[in-house]
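Structure first, commentary second.
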Amino acid sequence: MWGIIIIIIFILFFIFNLLLISFDKKIQRLEKQIILLFEKRTHLVPSLYEVTKKYLNKHSEVFQEITRLRKIEFSNYNESFLQRVQTETLIHHELNFIFKVANQHQKIQKDEKFLLIRDLFLDNSYEIGKKVEIYKKVISLLNKCVSLKNFTLIWIFIPIEKRIEI
């Protein structure tokens, strides 16, 4: 009888361990995918810069902040994921500002290059949003499992800690 109970506990421990490890690996994969999507979106900024150059009066002023943020992004390539998300959030707000300014000009709305670049930004932002939602759900599940792990003796054997939610 006790042998069966010990075997069941060992199997549950093993399954829980695999669950935590799989959540951790999924989070790492999602972080890499999100970073790649951020970079893909940020690499479109020079194209937007060139297309809007002939339409905007104070062009350099409009793009001044996003240029500064892109330099931060490139110089801090090895920063943590959360720091990267903070920088990319600022870039996202600047992109929104640039598109608001650009949308006030009627001529630019007829430029096919601008419309294509705008659609590429929208597609990338949509993909980033989907990945971030999945990331948040997995982080939430991992943190719940880690909380459960910390209430038992399993915390001694599994070195996985809670993650900060974005």
Side-chain angles (χ1 to χ4, degrees), residues 15-53 55-56 58-103 108 111-150 154-155 157-166:
I15 291 171
F16 189 73
N17 190 12
L18 288 178
L19 182 69
L20 283 175
I21 291 170
S22 70
F23 281 151
D24 196 49
K25 296 291 182 192
K26 181 154 180 93
I27 288 169
Q28 290 173 5
R29 279 193 312 270
L30 282 169
E31 285 177 352
K32 288 178 185 177
Q33 291 172 352
I34 291 169
I35 287 172
L36 287 174
L37 287 169
F38 282 150
E39 289 173 355
K40 186 177 176 183
R41 182 182 67 182
T42 303
H43 291 320
L44 290 171
V45 172
S47 300
L48 181 64
Y49 182 88
E50 289 300 319
V51 168
T52 57
K53 193 181 253 185
Y55 297 108
L56 300 178
K58 297 181 179 182
H59 189 263
S60 60
E61 291 177 20
V62 171
F63 279 85
Q64 183 178 9
E65 183 64 16
I66 199 160
T67 305
R68 184 186 70 77
L69 291 171
R70 284 191 73 219
K71 287 179 185 176
I72 291 171
E73 179 190 42
F74 288 133
S75 64
N76 296 337
Y77 189 76
N78 292 325
E79 64 188 1
S80 74
F81 181 72
L82 292 176
Q83 290 171 327
R84 189 77 179 257
V85 168
Q86 289 174 344
T87 304
E88 293 296 335
T89 301
L90 294 173
I91 288 174
H92 180 74
H93 291 303
E94 279 304 308
L95 286 170
N96 284 341
F97 168 72
I98 291 168
F99 280 112
K100 283 180 184 176
V101 170
N103 285 335
I108 201 168
D111 189 332
E112 292 178 14
K113 291 178 185 175
F114 172 77
L115 295 175
L116 174 65
I117 292 169
R118 184 187 65 191
D119 289 344
L120 289 172
F121 271 108
L122 290 173
D123 291 344
N124 285 332
S125 294
Y126 177 73
E127 287 297 317
I128 290 169
K130 285 191 334 187
K131 292 290 183 189
V132 167
E133 286 302 313
I134 294 169
Y135 180 81
K136 286 179 180 181
K137 289 177 184 176
V138 175
I139 288 283
S140 176
L141 288 171
L142 175 77
N143 287 343
K144 288 177 184 175
C145 288
V146 168
S147 294
L148 178 64
K149 172 193 78 126
N150 290 340
I154 299 173
W155 65 269
F157 304 106
I158 304 173
I160 297 174
E161 297 296 326
K162 284 187 175 184
R163 297 277 188 115
I164 298 173
E165 296 183 20
I166 57 173

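All heavy atoms count here, side chains included; hydrogens, waters and symmetry mates do not.
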Considering all heavy atoms, the nearest Y55-D111 contact: OH-OD2, 2.9 Å
Partner residues of K25 under the side-chain contact (heavy atoms from CB on, under 4.5 Å) criterion, sequence neighbours left out: I21, Q28, R29
Side chain to side chain contact (heavy atoms under 4.5 Å, CB included) evaluation trace for T87 with I91: CA-CA 6 Å; T87 304; I91 288 174; 4.3 Å; yes
Validation row: V132, K136 side chains within 4.5 angstrom (heavy atoms): yes
Test log, rule side chain to side chain contact (heavy atoms under 4.5 Å, CB included), inputs L48 and F63: CA-CA 10 Å; L48 181 64; F63 279 85; 4.0 Å; yes
From CG (L142) to CG (D24), nearest 0.5 Å: 6.5 Å
Nearest atoms (heavy-atom pairs only) where L44 meets L120: CD1-CB, 3.7 Å
Nearest-0.5 Å distance that lies between atom CG in N124 and atom CG in D119: 11.0 Å
Contacts of I134 that satisfy side-chain contact (heavy atoms from CB on, under 4.5 Å) - sequence neighbours left out: K26, L30, V138
Salt bridge present between E39 and R84 (N-O < 4.0 angstrom): yes
Check: V85 main-chain N/O paired with T89 side-chain donor or acceptor under 3.5 Å: yes
Evaluation steps, side chain to side chain contact (heavy atoms under 4.5 Å, CB included), between V62 and F97: CA-CA 8 Å; V62 171; F97 168 72; 4.1 Å; yes
Reported CG-to-CZ distance for the pair L122 and R118, which is rounded to 0.5 angstrom: 6.5 Å
Any side-chain heavy-atom pair of P46 and R70 under 4.5 Å: yes
Residue pair L56 / A102: nearest heavy atoms and the distance that separates them: CD2-CA, 4.3 Å
Inter-residue atom distance C145.SG - N143.CG, 0.5 Å rounding: 9.5 Å
For K130, salt bridge (charged side-chain N to carboxylate O under 4.0 Å, His left out) partners two or more places apart: E127
Taking every non-hydrogen atom, the tightest pair across E73 and T42: OE1-CG2, 2.9 Å
All pairs passing ring pair (Phe, Tyr, Trp, His ring centres under 6.0 Å) where residues 17-48 contributes a residue, at least two apart: none
Check: F121 ring centroid to F99 ring centroid under 6.0 Å: yes
Test side-chain contact (heavy atoms from CB on, under 4.5 Å) applied to L90 - qualifying residues, sequence neighbours left out: L69
By side-chain hydrogen bond (donor to acceptor under 3.5 Å, both in side chains) - contacts of H59 (at least two apart): T52
Distance in Å, R41 CZ paired with L95 CG, rounded so as to fall on 0.5 Å steps: 6.0 Å
